[in-house]
Number of protein chains: 2
Amino acid sequence: MQDAPSRPYHHGDLRRAVIETALDMLREEKGWQFTLREVARRAGVSHAAPYKHFSDKAALLAEIAMIGFDRLRESLSAAKSEAPKTLRDEITPLARAYVAFGTDNPALYRLMFSAEEGKAVGMHLNERALAVFDVLVEILRRGQAAGSIRKRPIEGQAAAGWGLIHGMTMLAIDGLLVPEKVGSAPLDAALSTLLEGLGNPAPQQ
Amino acid sequence: MQDAPSRPYHHGDLRRAVIETALDMLREEKGWQFTLREVARRAGVSHAAPYKHFSDKAALLAEIAMIGFDRLRESLSAAKSEAPKTLRDEITPLARAYVAFGTDNPALYRLMFSAEEGKAVGMHLNERALAVFDVLVEILRRGQAAGSIRKRPIEGQAAAGWGLIHGMTMLAIDGLLVPEKVGSAPLDAALSTLLEGLGNPAPQQ
DNA sequence: AATACATTGTTGACACTGGCTACTTAAGGG
DNA sequence: CCCTTAAGTAGCCAGTGTCAACAATGTATT
């Protein structure tokens, strides 16, 4: 990590630098144009340098998408509340963190869910995506065990949860959650409806 | 509409043909690479011909996105049941038609929700997108009036509905609704949860 | 009917970008 | 001192959007 005014011939840690630069680009531009040359340019290296670390554009993209899922998971872990009293207390911060991740990294989030960007990679990618799904399943399972959640097939409940959050995230990214139509806090409102669908009639608010 | 072996110099209705060809392409390829030249090629005209009907690539794209929303609306109208007895009977076919539209036209659906593909167009595009939203609001409003739906702010309920359907559609397009994780009929299951969140406790199933 | 005009196509080219591939050059490690 | 690694330079090749000039066809006007 040398910061010498005249950079040394060898960058030292270009692989990481390229990934970081790419992530920065995806954070800034919603518009999804991603060129290797541009990444190299912004990383301050020649346009062919990345090829020493990534066999292919698709390879870089795939790795970035995976990292995206990892970071999403970190965001969710960080947002996890310690001793949630109600299901709402448990889910709300997670949902907010999820949507925030999407709106903070619009192009990255789209990339993560574009699939078929490498076929063979698809498997691993799906694994990581479905790992996020598992977090939700876990919460619901505990909720059912504790009796705060209706006894329904968990997959269906989790599908509803993931679908809702994913959908709200996408709509938010696309600027479609305009307040005039959808109210001031659409996510919270939607969550309320979801929670009423998940929770047992009695105890929940 | 002449089918003469040697096509006449003038296509006759190229504008429509270009749009139709483009829609075909978007229906086939999930992978979202869309070039004017390819459209022209497949439409059987020279690569510059489309410029007589569309000032710009963005213009064509914008028009196609709008048509996409129109067709989505038609699909929904066609799926509307006549005399639905329950809220579930009313919403299920609509939701299925919505998701089916997405999975049948993956690239088109993505295009419709990519926004910023023309800025100025964004307004009109959003109008049409939100028109779909209004369909949902209408159903919910009647449901509330009839007493089959909880009295909550409608925007929130509609946001939950749209978010859920949109999210499920996206997940389906991306092949993320794998049965092992998410069950055999994830949409129906998710709808059940949603409906339990929307409906009043007593009458609903 | 003949001619002018507007439409709608074709051809060809330009500018540019972008992925990728040699080949060359620096630097560090055995 | 050599050899591997990691960077730079140069360039190829394929596309793409777009424009300008030309050709065919239909339409209106005289």
Side-chain angles (χ1 to χ4, degrees), chain A residues 1-22 25-26 28-29 31-65 107 111 114 116-121, chain B residues 1-22 25-26 28-29 31-65 107 111 114 116-121:
Chain A
M1 284 295 189
Q2 296 147 346
D3 259 337
S6 67
R7 313 174 202 84
Y9 190 86
H10 287 90
H11 182 286
D13 194 7
L14 185 59
R15 183 185 179 84
R16 194 177 310 266
V18 163
I19 291 179
E20 214 61 42
T21 305
M25 288 172 54
L26 293 181
E28 296 166 10
E29 326 167 18
W32 153 255
Q33 80 269 1
F34 186 90
T35 76
L36 267 189
R37 287 176 114 107
E38 170 89 13
V39 176
R41 228 171 281 146
R42 299 207 7 181
V45 295
S46 74
H47 59 256
Y51 281 92
K52 294 293 163 183
H53 300 274
F54 303 93
S55 64
D56 213 331
K57 180 185 180 181
L60 173 59
L61 246 28
E63 183 144 350
I64 287 180
L111 169 63
S114 48
E116 107 255 68
E117 296 280 356
K119 297 174 180 175
V121 186
Chain B
M1 287 293 189
Q2 295 145 347
D3 259 338
S6 65
R7 313 173 203 84
Y9 191 86
H10 287 92
H11 181 286
D13 194 6
L14 186 59
R15 180 183 181 88
R16 193 176 312 265
V18 163
I19 291 178
E20 214 62 42
T21 304
M25 289 172 55
L26 293 181
E28 294 166 11
E29 326 168 18
W32 152 255
Q33 82 270 359
F34 187 90
T35 75
L36 266 189
R37 288 175 111 107
E38 171 87 14
V39 176
R41 229 170 281 146
R42 299 203 13 177
V45 295
S46 73
H47 60 258
Y51 280 90
K52 297 294 164 179
H53 299 274
F54 304 93
S55 63
D56 214 332
K57 181 186 180 180
L60 172 59
L61 246 28
E63 183 143 348
I64 287 179
L111 169 63
S114 48
E116 107 257 64
E117 295 281 356
K119 296 175 180 177
V121 186

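Atom set for the values below is all heavy atoms of this structure, side chains included, hydrogens, waters and symmetry mates excluded. This one's a predicted model, so the numbers in the text were calculated from it and none came from an experiment.
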Visitor: Nearest to the side chain of A:Ala48, heavy atoms from C-beta on, is which of C:dG12, D:dT9, C:dG18?
Guide: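 It is D:dT9.
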
Visitor: Rounding to 10 degrees, work out the angle separating the end axes of the helix from C:dA1-D:dT30 to C:dG30-D:dC1 (five pairs an end).
Guide: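 Comparing the axis at each end, I get an angle of 10°.
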
Visitor: Let me know the distance between CD of A:Gln33 and P of C:dG19, rounded to the nearest Å.
Guide: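 About 11 Å, once rounded to whole Å.
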
Visitor: Return the value, rounded to whole Å, for the distance between atom CZ of B:Arg16 and atom P of C:dG9.
Guide: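 Distance check: B:Arg16 CZ to C:dG9 P gives 13 Å.
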
Visitor: Need one value for A:Phe34: base, sugar-phosphate or nothing, where a base atom within 4.0 Å counts as base even if backbone is also close, heavy atoms only.
Guide: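 Here A:Phe34 touches the backbone only, sparing every base.
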
Visitor: Among the nucleotides D:dT9, C:dT10, C:dC20, which one has an atom lying closest to any side-chain atom of A:Ser46?
Guide: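 Closest of the options to the side chain of A:Ser46: D:dT9.
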
Visitor: So which atom in A:Thr21 and which in A:Ala43 form the shortest heavy-atom distance, rounded to 0.1 Å?
Guide: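 Heavy atoms of A:Thr21 and A:Ala43 come nearest at OG1-CB, 3.7 Å.
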
Visitor: Between OG1 of A:Thr35 and NE2 of A:His47, what distance do you get to the nearest 0.5 Å?
Guide: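 The NE2 atom of A:His47 is 11.5 Å from OG1 of A:Thr35, to the nearest 0.5 Å.
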
Visitor: Quick one: closest heavy-atom pair of B:Ser46 and B:Ala40, and the distance?
Guide: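 Of all heavy-atom pairs spanning B:Ser46 and B:Ala40, the closest is O-CB, 3.4 Å.
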
Visitor: Once you round to the nearest 0.5 Å, how far does CG of B:Leu111 lie from CZ of B:Phe34?
Guide: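 Reported value, rounded in 0.5 Å steps: 8.0 Å.
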
Visitor: Which atoms form the tightest heavy-atom contact between B:Val45 and B:Leu14, and what is the distance?
Guide: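 Smallest interatomic distance, heavy atoms only, reads CG1-CD1, 3.6 Å.
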
Visitor: Answer whether the closest heavy-atom distance between the side chains of B:His53 and B:Glu63 falls below 4.5 Å.
Guide: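 The answer is no; the side chains never approach within 4.5 Å.
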
Visitor: How many whole angstroms separate atom NE2 of B:His53 from atom P of D:dT18?
Guide: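 Distance, rounded to whole Å: 16 Å.
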
Visitor: Tell me if the side-chain of B:His47 makes a donor-acceptor pair with the base of C:dG9, cut-off 3.5 Å, by modelled atom types.
Guide: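 Side chain to base: no pair below 3.5 Å.
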
Visitor: OH of B:Tyr51 versus C1' of D:dA21: gap in Å, rounded?
Guide: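 The distance from OH of B:Tyr51 to C1' of D:dA21 comes to 17 Å, rounded to the nearest Å.
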
Visitor: Is there a donor N/O on one and an acceptor N/O on the other, under 3.5 Å, for the side chain of B:Lys57 and the base of D:dG17?
Guide: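 Check fails, no donor-acceptor contact within cut-off.
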
Visitor: Between atom CG in A:Leu60 and atom P in C:dG19, what is the gap in whole Å?
Guide: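 My rounded result for the distance is 10 Å.
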
Visitor: Tabulate protein N/O versus nucleotide N/O from nucleotides 4-7 of chain C, keeping only pairs under 3.5 Å, one per line.
Guide:
none

Visitor: Would you say the base of D:dG17 and the side-chain of B:Arg37 have a donor-acceptor pair closer than 3.5 Å?
Guide: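 Donor-acceptor pair under 3.5 Å: yes.
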
Visitor: What's the closest nucleotide to the A:Leu14 side chain, out of D:dT16, C:dT8, D:dA7?
Guide: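 The listed nucleotide nearest to A:Leu14's side chain is D:dA7.
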
Visitor: In Å and rounded to the nearest 0.5 Å, what is the CD to CE distance from A:Glu38 to A:Met25?
Guide: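 Taking CD in A:Glu38 and CE in A:Met25, the distance rounds to 4.5 Å.
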
Visitor: When you get a sec, tell me which of C:dT8, C:dG19, D:dA7 is the closest nucleotide to the side chain of A:Lys52?
Guide: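 The closest nucleotide is D:dA7.
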
Visitor: Quick one: A:Leu61 CG to C:dC20 P, roughly how many Å, whole number?
Guide: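 Computing the A:Leu61:CG to C:dC20:P distance gives 11 Å.
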
Visitor: Atom CZ of A:Arg41 to atom P of D:dG8: distance rounded to whole Å?
Guide: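 Atom-to-atom, A:Arg41 to D:dG8, this comes out as 14 Å.
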
Visitor: Round to the nearest Å and state the distance from A:Leu36 atom CG to C:dT21 atom P.
Guide: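 Answer to the nearest Å: 12 Å.
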
Visitor: Test side chain to side chain contact (heavy atoms under 4.5 Å, CB included) on B:Phe54 and B:Leu61 and set out the steps.
Guide: CA-CA 10 Å; B:Phe54 304 93; B:Leu61 246 28; over 6 Å; no

